[in-house]
Amino acid sequence: MNEEAVVLSARNVSIDYQIGKRWLNVIHDVSLDLHANRTHGLVGESASGKSTLALALMCYLAENGRITAGTIHYEGRNLLELAANELRQLWGSKMSLVPQNALSALNPSYTIGEQMGEVSRTHLGISRRESGLRAAEMLRSVRIADVENVLRSYPFQLSGGMLQRISIGMALSVAPSLLVLDEPTTALDVTTQAVILDLFRELIDRHDATALYVSHDLGTVAQFCDAVTVLYGGEVMESAPVKELYANPKHPYTQGLLASLPARANAAQEQRIHTIEGVAPSLAHRSPACVFAERCKHAIDRCHAEKPPLEHIGGRQTIRCFRWQEIAQDEATSAANQAAAEPVVRPQIDLPRKNELLTTHELAKKFGKRNALLRWLGKEVIPLHALDRVSITVNKGNTLGIVGESGSGKSTLARVLVALETADSGSIELLGENLSYELSQREPSFMASMRLIPQNPDASLNPYITVGSALERTLKVLAERSKHSENWQQAELSSKHGRWKRVHQLLKAVGLEESYRQRYPNQLSGGEKQRVAIARAFASDPALIIADEPTSSLDVSVQAVVLNLLKDLRETQEVAYIFISHDMDVIRYVADWICVMYLGQIVEEGSNEQLYAAPSHPYTEALFSAIPEPNPLLQKKRIRLEGELPSARNLPGGCPFHTRCPRKIGEICETDIPPIRPAGVGHFIRCHIEVDELSRLQSATEEDLQP
Amino acid sequence: MTENPAAFVGTVIVFLFVCVALCSPLIAPYSYQTIIRNEERRAVKEQAPGEAYDIGYTVVGSELFPRNSRSRFGFIAGLRGSITFVLGTDWQGRDVYSRLIWGARDVLILPGLAAAFSVAIGASIGATIGYMGGWLDEIISRLLEALLAIPALVLALVLIAAQPGGGSGISAVLSLLFVIVVIYTPIVARVIRSATLAVRASGYVEEAKLRGESKAHIVFREIFPSVLPALVVEGALRFSYAIFLNASLGFLGLGVSPTSPEWGATINQARRAGTMSLTPWATWPPVIAIAVLIISINLMSDGLRRFFRYEGHHG
Ligand code: SF4
Ligand code: SF4
């Protein structure tokens, strides 16, 4: 098959889904070509229809879905004309799917070995013994070391990364020519994701497979794909080779989407992320206009009246916009103007231990220590170390970023600080006063001055209480309790009228209209819910807000709006943040001071600039290297963490990172707790390697990478 | 409700049954124990000559049975213009229609009360242990599970046997109530416990704690609305189960009183007298009524469940 051959070609495909009694048009007039041996990315935000489309390209639709128009040609045959058994034949032998959630795709009551044997027996008709051998071989091909053990395990006993390896192994075991990857790494941590994506890349190349990679993450798409199609509201906005699309996006939506990435703002050293105003269109009604018209800053009257056609503009590029040529010109001129403008400089930040707002000293927390009944029943409980002597400092008006992957203890830290969990030892001081570990014993005024923005806005708003009542209640309760804050106008808030006035102010401050007070949470979008949660956190005029992954459940364009809002509020409300995230780009964008956590310990601490420059802790280094860079032209140094995150029940001795550390220097890492080494003003690294040595090692690797 | 016609019909039927029970004195032509003597029938006949059937007597065992020309036993068809003996009379000469209507009270009231008590007590226990957790939850949950392991009817028989026998009137009612409540409370408690557990760790309950709300506020204002759907659906389900259990006990002769017009007991009386095949018209109405009622309640609770799920997530 030559490189340029088109393996799958979809023309004018429309798909309807039945919801209740109505048919909704979820995909409209999509055309797209997959070229042999290439990986094609399909990106879109939630409700863009990307997964639906990807599965439909395999002719794989749910019961309530149907393809209403178009053709899908696969190796010369129109899939829509094939009989069910012919399709099944194709799925089994030529097309494979790697699902988002491998755990739900595997049968929980059979071992991995049984299921894999079953697949190859039915599709390849081979004997039991042979299929067993094949399964083992396949696991080895996806670099699973402990094959025998994995074959004997049930799905739930394995980690997410392991399951994803198995599912790609199973998908590739039938030697498919088309592989559909439906958000295969979304549920994984960045360092695991990096390893898995490398593996996928290698396997796809080795099998000469054509792949369709569905993702919401523009970073992984940039690193993983050869060409990209951007979907919005069920329509193709733009298709282009990956380098072209990222370097030179033509469609206003693509431009907006890329600009809303924190990584882009960081790279350009900008203080604010560009955002796309408005909300995604509802699927309930397909408008006869450009789907993006409501949010497009380039829209003209024509855009609201008719739908632009999907235009082929040469070089494997398609675009659906009336004005792309004019826009390209405009951008060129405005870019020239901007280049002349002054570069923005980050404001100077305070060093730690000056102007302190909150400090913790050697805060520790273990889970599962005290279940008296279980102990009485003779069951031994192995404690889970969640926080290991964590000391942090937050200065007034600053943002402390805490970054780490799952299991790092970063959320536990947030919960211990606000006393949703009880610390075991250590101290928490707010404004110089010691706080109790127990929520019930905390001074109410401290509860008002330290507030939490939870991770999941869906869960944090009571579905049966309106936005307004929730805010009013918060004001009432906290106003009664908080006596110390000066800005806190007691008199005004003691009357119902005064409180409602303040509710309106709060709504306005987070960019919601007054009428939102009557809404129930289920009448809000994800971004709006998070704004309400933010308004509620700010209601008591707090000095410190702890934001636990406040944007991780949101789309990129919505995340940009929320991040900007949080930044603005920091200026206007004079508040400090502890901002917790797994996303290094977000942290870099918001934080002044950063702590990196691994297995409940802070392994590195420093200012934003210090942390992003060498030397850094080997874990931080690996974390940076694992972030998918949303610029296909940039190549990062490749440091991959092999092995699984150790269980927090069974912490490795010495340095907790020694089981995966690529820079491990020997036995000392396994036996001795590493010292905390100063690496600059306020910059600390917890490692056995000398700072100078780390610095030398890390700049060396960088040079090796230079082409 | 228009989305779900079966649930709508079910709800309407349940409502009708309740109305009948409430208005039985107004609807029922006779009391449930009036034995309609031959003279009365004759009187009826005289009022509207030629329209009632001839009535005679026949004797089975020591009982005196009315008889008409259509069958050996006293089936009296309705008289045109006045509704009398619509469903005929039973072997003792009691009006089947009147007994059916009076019976609705016994069928609905006791199980209704039992369901209400089970839900109230079960919900309190469930919400408390669900919210508190810890050893209290551990112990009470095990106790409830132990009770749940025994089949309902067996548990009922044991409990009835354990009570001082021969009760009548109020004490019989109370003891039956007690039995049904003991049987269904654990089920309700478990359902409400798990509903509470699901909400207890939710973000909005934590938020309420963080702003320093009292336990009472958290349980009643934050948790309760989320548990309410489970509570209502559970209430409807327990109601139908209680009716069933009550009728079963009535049929086994362990009901409030063996001679009550409660439908299970009525069927049992016919069975005991050996007249199920002799006066089948007297046996079928309570059988059908109870089946229709229970199916209707189940349709209704199914509708409630869907309605609330809908409420909880979209509307
Ligand atoms: S067609 Fe008009 S509204 Fe749509 S993207 Fe282009 S300029 Fe914007
Ligand atoms: S102490 Fe050793 S294992 Fe730990 S990070 Fe440093 S080099 Fe790696």
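Please read all numbers here as calculations on a predicted model, not as lab measurements.
- Scanning all heavy atoms of the two residues, the minimum distance from Tyr464(A) to Pro229(B) falls at OH-CG, 3.9 Å.
- Between Leu439(A) and Lys209(B) the shortest heavy-atom distance is CD2-O, 3.4 Å.
- With sequence neighbours left out, Ser411(A) forms a side-chain hydrogen bond (donor to acceptor under 3.5 Å, both in side chains) with Asp548(A).
- Neither the backbone nor the side chain of Arg442(A) comes within less than 4.5 Å of any heavy atom in chain B.
- Minimum interatomic distance between Arg211(B) and Met447(A) (heavy atoms only, all atoms of both residues): C-CE, 4.0 Å.
- Around OH of Tyr437(A), the count of heavy atoms belonging to other residues, nucleotides or ligands within 6.0 Å exceeds 12.
- Separation of atoms CG (Asn462(A)) and CZ (Arg221(B)) is listed at 10.0 Å; rounding is to 0.5 Å.
- Across every non-hydrogen atom of Leu210(B) and Leu420(A), the tightest pair is CD2-CG, 3.9 Å.
- Put simply, CD on Glu207(B) and CZ on Arg451(A) are 4.5 Å apart, with the number rounded to the nearest 0.5 Å.
- Environment of CZ in Phe117(B): sparse, with no more than 12 heavy atoms of neighbouring residues, nucleotides or ligands closer than 6.0 Å.
- Shown here is Tyr17(A), whose OH atom has more than 12 heavy atoms of other residues, nucleotides or ligands within 6.0 Å.
- Close approach to chain A, defined as a heavy atom under 4.5 Å from one of its heavy atoms, is seen in Ser202(B), Gly203(B), Tyr204(B), Glu206(B) of residues 185-206 of chain B, taken by number.
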